[in-house]
Participant: 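Okay, handing you the structure first.
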Amino acid sequence: VRALTRLEVLALDGPTFATLIAPRLREHGFTRERLEARSELGRMSLFRYCTSSELDPILDRLRAEEYASGAAIVRQGESGDRFYLLRRGRVGVYVATAAGEQPLGALGPGEYFGEMALLHERPRSATVRALVPTAVWSLSKADFQALIDQFHLREALSDEVARRAELQRRATGQPAG
Ligand code: CMP
């Protein structure tokens with residue numbers, strides 16, 4: 001931590017911090033791990049405009065998952081019951097066509113997937129596979145839907161969902177609809 005301007009700080013010795021301050025921080029969930037997770041979540045595209053207090057309830061709902069390179073995280077045609085936030089690594093998105101599986105694109109840290117099946121109550125529209133060792137956070141369908149309603153994210157998602165669906169239509173040669 002480097003001073004960016006001239007500043008004045010109050011310092012506390014370790015034992016006093018440990019007895020007076022640390023228990024309160026723990027009580028309020030301000031552990032280092034949680035603060036880091038909250039700041040990571042806050043940097044993700046979907047949550048850029050959320051405040052810390054809005055992010056806290058989401059943090060409690062996230063499930064951390066890891067996938068080896070090559071593993072399928074969602075499979076086209078299966079029913080969808082979770083939403084995914086990409087933390088580390090990279091995934092490829094593939095759609096089945098008459099000519100075989102076609103790549104639609106790749107997603108990296110801070111991006112999300114698995115929203116389409118949940119928003120439209122349809123089977124998974126594509127297969128998403130880890131391209132390298134990949135870490136995600138996943139949310140249940142119910143928690144995703146609560147999140148969408150609470151932050152009015154349906155609109156924030158709709159442009160990207162339309163763009164993704166259009167790429168699928170082009171790859172499969174299906175008419176818009
Ligand atoms: P879903 O249909 O639930 O499962 C497959 C996911 O792949 C889909 O949600 C989107 O999150 C993602 N996806 C589909 N098409 C694209 C695309 N063209 N670009 C990026 N991601 C996509």
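Both ligands and their constituent atoms are indexed starting at 1 by order of listing.
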Participant: Below 4.5 Å, heavy atoms only, C-beta onward: do Leu85 and Phe113 meet side chain to side chain?
Facilitator: no

Participant: Got a sec, which pairs hit salt bridge (Lys or Arg N to Asp or Glu O under 4.0 Å) with one end in residues 130-145, sequence neighbours left out?
Facilitator: Arg61-Asp143, Glu121-Lys141

Participant: Does the distance from a Lys or Arg side-chain N to an Asp or Glu carboxylate O, for Glu40 and Arg38, drop under 4.0 Å?
Facilitator: no

Participant: Under a 3.5 Å threshold, yes or no: a donor from one side chain and an acceptor from the other, between Ser125 and Gln168?
Facilitator: yes

Participant: Given the rule in the side chain to side chain donor-acceptor pair (under 3.5 Å) test, do Arg43 and Ser39 qualify, once you have shown the distances and angles that lead to the verdict?
Facilitator: CA-CA 6 Å; Arg43 287 193 304 272; Ser39 104; 3.0 Å; yes

Participant: Parallel, tilted or perpendicular: which fits the ring planes of Phe83 and Tyr112, with parallel below 30° and perpendicular above 60°?
Facilitator: tilted

Participant: Give the protein residues with at least one non-hydrogen atom closer than 4.0 Å to an atom of ligand 1, ordered by chain and number.
Facilitator: Val74, Val93, Leu104, Phe113, Gly114, Glu115, Met116, Ala117, Arg124, Ser125, Ala126, Val128, Arg164, Leu167, Gln168

